Amino acid sequence: EDQISALQGELAEASHTIEQLSSQLKQAKRPGSLISLVPQGQTELQKSVGELKHELEMEVRRREECELQKEEKDLKLVQLQRIIDDYESGEYGLREAVQEIKKRKEEIAARDKDLAELARQVSQMDAIAEENEALREKLGLRLDESINMGQFRKRKADEMEQLKSTNRMLQKEIERLE
């Protein structure tokens with residue numbers, strides 16, 4: 001909250017400065033003023049106003065981020081306060097705490113198991129990629145050259161069908177001989 005108050009103060013100060021510079025810029029643009037005769041002074045004021053506007057936008061963003069963080073912390077505080085109230089009223093005791101710890105440990109174990117499985121899969125994929133690269137090199141194919149997998153799959157399916165047909169024929173032959 002102190003940080004938000006400080007940011008609001010900075011925001012108000014930057015807004016006030018921008019208003020002052022805008023006012024000075026308007027006065028400088030009036031015909032006959034000394035500054036209007038010097039375009040460089042006007043350009044510098046415009047630059048300064050632009051920089052201050054940018055700073056103001058940044059401060060507004062920072063303030064919004066701080067408010068979001070404050071809301072998150074408030075929600076967490078409310079949850080913790082609820083747990084403390086339950087504990088003090090006797091509704092949240094040692095048994096619930098142990099159950100919650102056990103539940104969290106199970107969640108961590110499940111997450112660790114998932115991470116280990118993902119790491120294993122990544123390792124396996126790396127090995128497959130290396131093997132693929134070596135085979136491509138052996139065949140003289142570039143890494144970026146694509147291969148028509150449709151023809152390969154069709155050929156494999158045809159081979160499987162032929163093998164199944166041969167297997168059925170041989171089984172019939174075996175049955176006839178028995």
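Numbers here are sequence positions counted from 1. Keep in mind that this is a model prediction, so the values were computed, not measured.
Taking the side-chain hydrogen bond (donor to acceptor under 3.5 Å, both in side chains) definition, one finds that E107 meets it with R104, sequence neighbours left out. Residues satisfying the salt bridge (charged side-chain N to carboxylate O under 4.0 Å, His left out) criterion with D144, sequence neighbours excluded, are R142. Not counting sequence neighbours, the partners of R136 by the side-chain contact (heavy atoms from CB on, under 4.5 Å) test are N132, L141, L143, E145, I147. Taking the side-chain hydrogen bond (donor to acceptor under 3.5 Å, both in side chains) definition, one finds that Q81 meets it with D85, sequence neighbours left out.
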N/O donor-acceptor pairs under 3.5 Å from side chains in residues 165-177, not counting sequence neighbours:
from	atom 1	to	atom 2	distance (Å)
T166	OG1	Q162	O	2.9
E173	OE2	R176	NH2	2.7

Contacts under 3.5 angstrom, residues 151-161 side chains, donor-acceptor by atom type, not counting sequence neighbours:
from	atom 1	to	atom 2	distance (Å)
K154	NZ	D158	OD2	3.4

Without placing hydrogens or testing angles, list every side-chain donor-acceptor pair under 3.5 Å for residues 119-129, not counting sequence neighbours.
from	atom 1	to	atom 2	distance (Å)
R120	NE	E117	OE1	3.2
R120	NH1	Q124	OE1	3.3
R120	NH2	E117	OE2	2.5
Q121	NE2	E117	OE2	3.0

Using a 3.5 Å cut-off and no angle test, enumerate the donor-acceptor pairs between side-chain atoms of residues 62-69 and protein atoms at least two apart in sequence or in another chain.
from	atom 1	to	atom 2	distance (Å)
R62	NH1	E59	OE2	3.1
R63	NE	E67	OE2	3.2
R63	NH2	E67	OE2	3.3

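Between E131 atom CD and K138 atom NZ the span is 10.5 Å, to the nearest 0.5 Å. Taking CG of L75 as the start and CG of L80 as the end, the distance is 11.0 Å to the nearest 0.5 Å. Between the CG atom in L135 and the CD atom in E137 there is a gap of 10.0 Å [rounded to 0.5 Å].
Looking at K105 and I108, their side chains never come closer than 4.5 Å, going by heavy atoms from C-beta outward.
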